[in-house]
Amino acid sequence: MCGIVGYIGRRDVAPLLLEGLQRLEYRGYDSAGIVITGKSGELRTVKAKGRVRDLEARVPKRFAGTTGIAHTRWATHGAPSDANAHPHADAAGAVSIVHNGIIDNASELRARLTAEGTVFASETDTEVLAHLIARSQADTLEQKVSEALRSIEGTYGLAVLHRDFPDRIVVARNGSPVVLGIGEKEMFVASDVAALVAHTRQVVTLADGEMATLKADDFRTYTTEGSRTTATPTTVEWEAESYDMGGHDTYMHKEIAEQAEAVDRVLRGRIDDKFATVHLGGLNLDPREARSVRRIKILGCGTSYHAGQIGAQLIEELARIPADAEPASEFRYRNPVVDPDTLYVAVSQSGETYDVLAAVQELKRKGARVLGVVNVVGSAIAREADGGTYVHAGPEVCVVSTKCFTNTVVAFALLALHLGRIRDLSVADGRRIIEGLRRLPGQIDEILKAEPEIKRLALHFADAKSMLFIGRVRGYPVAREASLKLKEVSYIHAEAYPASELKHGPLALVEPAMPTVAIVPDDELLEKNRAALEEIKARSGRILAVAHQEQEKADHTIIVPKNEDELDPILMGIPLQLFAYHTALALGRDIDKPRNLAKSVTVE
Ligand code: M6R
């Protein structure tokens, strides 16, 4: 959730690191800090509570150096403050460290070090590591760091500078991403390629338990025990420009607007018209294995979990394999029964969400087969899974997920079609779904053209204190995702309910001050959904419907183009992304960085 960036080379390091931090700020943003190696090897640190711009304002004019590390923080241990901001140092200022993750035995270590006379300057778990490294009697920085790491339990992605070893940065990873950027006589390190791609697209992603030493013209990787590992750089497929705002005022708006293009990308090169199916090269599941799958269990968090719910329905409908989705954060704590005939699918935009990763690791430990449906290539979940498919949404910077949700659902439609055609889905139905998939980009563009009207509706409802979102079967996960979008970006309370459950309780909430957003697709449940609208209307509830045709009982209807019944959920959530966006804009919210949230939740 926090961000790390580091550089060693010949360029002036402070502007490079500040620019890298700006690009990482979406990961966490309550404080930031930077440390550079000064002319005589001394470590010079500046820290600030607040945004990267607050840090920038504090960096002195004379702050020259060509080696440094920096951090943007999202508080876990200790409140946001200058003192708790990273980097953290030992009392003598010999060691400086930036760290993502959580040290589970920090209190115990802190108590021990305090008893031995160490004075702590912050409340963070990270500072413990700085002291441990400084106290180590080992000869090299690499040995000092690995010795310190052996005393801690927990997760880390970290970078270390040492006054006595000014020619290097030592980094390590366990459960929190670390990527090396390989340049010409310069090296970078970051927790996310976003901070690197403007300078190099040659990267090495460290594995858990791996460390690296970066020097200006060289790098090497090794295990925490010191054995050399091989690291072959790969090329990042995302361009630096895809991280820019591209003329939009916010990343959220940009990412909503580029969904047609993103969907086109997830479909590209995968459709096989001859056999009315799709090819998903990375699944590592041959037809015989695919036929023997008896259940599919999808695991994800937040928006990815909602995408997984729609995915489960698509799999049941098209492949007739029983499927369901569950929050990975719950699954991993309930000692689940792991069934050898079940195929597990882990869904994650970042590929780094700790709860999902931990669920995958637990499943692998119990011998299950796990596929990943992931956006970030080479991320921890993608690497841990036995196979899977990338969703090719391109980088998503806004904390609030939009285009990745849409692309993930399309990726599930592809998986469902693939499995369906191996099993009992007919050629005719395969063709019908393929034609539907091909219509999606054009239909998304059509929906986005209605933005002025959606904005008008958002302004109309922006004074609501709470909103109800309802949908039935295919529409229910759409309602859940739309309700999450509204609450996280506008801070308006929103609750999603199956429309079929209205009478069993939530109808009591309905009154003019509690508007309802209803998902009303033109499918076999249309009349049932209309009955729900009548029930709400009869209680003077205000209704905004998202439907394929004007809804008489609704006060307002956003009409979306009709696709195949199974694919309609992909389109029906998109106008509600814009609805959430314009509501948040009207309320003056910090759209790309909603309060208390971070893009990538790499801690429990
Ligand atoms: O990177 P992931 O898809 O694994 O992230 C999962 C959730 O943390 C994420 O979807 C979160 O709910 C977003 N803020 C939704 O907009």
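Numbering of ligands and ligand atoms starts at 1, following listing order.
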Cationic tip of Arg595 within the cone over Tyr491's six-membered ring, i.e. under 6.0 Å and within 45° of the normal?
->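 Yes, Arg595 lies over the aromatic ring of Tyr491.
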- Query: With under 30° as parallel and over 60° as perpendicular, where do the rings of His253 and His582 fit, or are they tilted in between?
  - Reply: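 Perpendicular, since the angle between the ring planes exceeds 60°.
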His460: ring pair (Phe, Tyr, Trp, His ring centres under 6.0 Å) partners, not counting sequence neighbours:
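With sequence neighbours excluded, His460 shows a ring pair (Phe, Tyr, Trp, His ring centres under 6.0 Å) to His556, given in chain and number order.
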Query raised in the report: Taking the six-membered ring for Trp, is the centroid-to-centroid distance between His306 and Phe405 below 6.0 Å?
Result: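 No, ring centres 6.0 Å or more apart.
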Atom-level proximity to ligand 1, residues with heavy atom under 4.0 Å: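 Protein residues near ligand 1 are Cys301, Gly302, Thr303, Ser304, Ser348, Gln349, Ser350, Thr353, Val399, Val400, Ser401, Lys485, Glu488.
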Q. Residues in salt bridge (Lys or Arg N to Asp or Glu O under 4.0 Å) with Lys455, at least two apart?
A.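 Not a single residue meets the salt bridge (Lys or Arg N to Asp or Glu O under 4.0 Å) criterion with Lys455.
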For Asp445, all residues meeting salt bridge (Lys or Arg N to Asp or Glu O under 4.0 Å), sequence neighbours excluded:
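In terms of salt bridge (Lys or Arg N to Asp or Glu O under 4.0 Å), with neighbours along the sequence ignored, Asp445 is linked to no residue.
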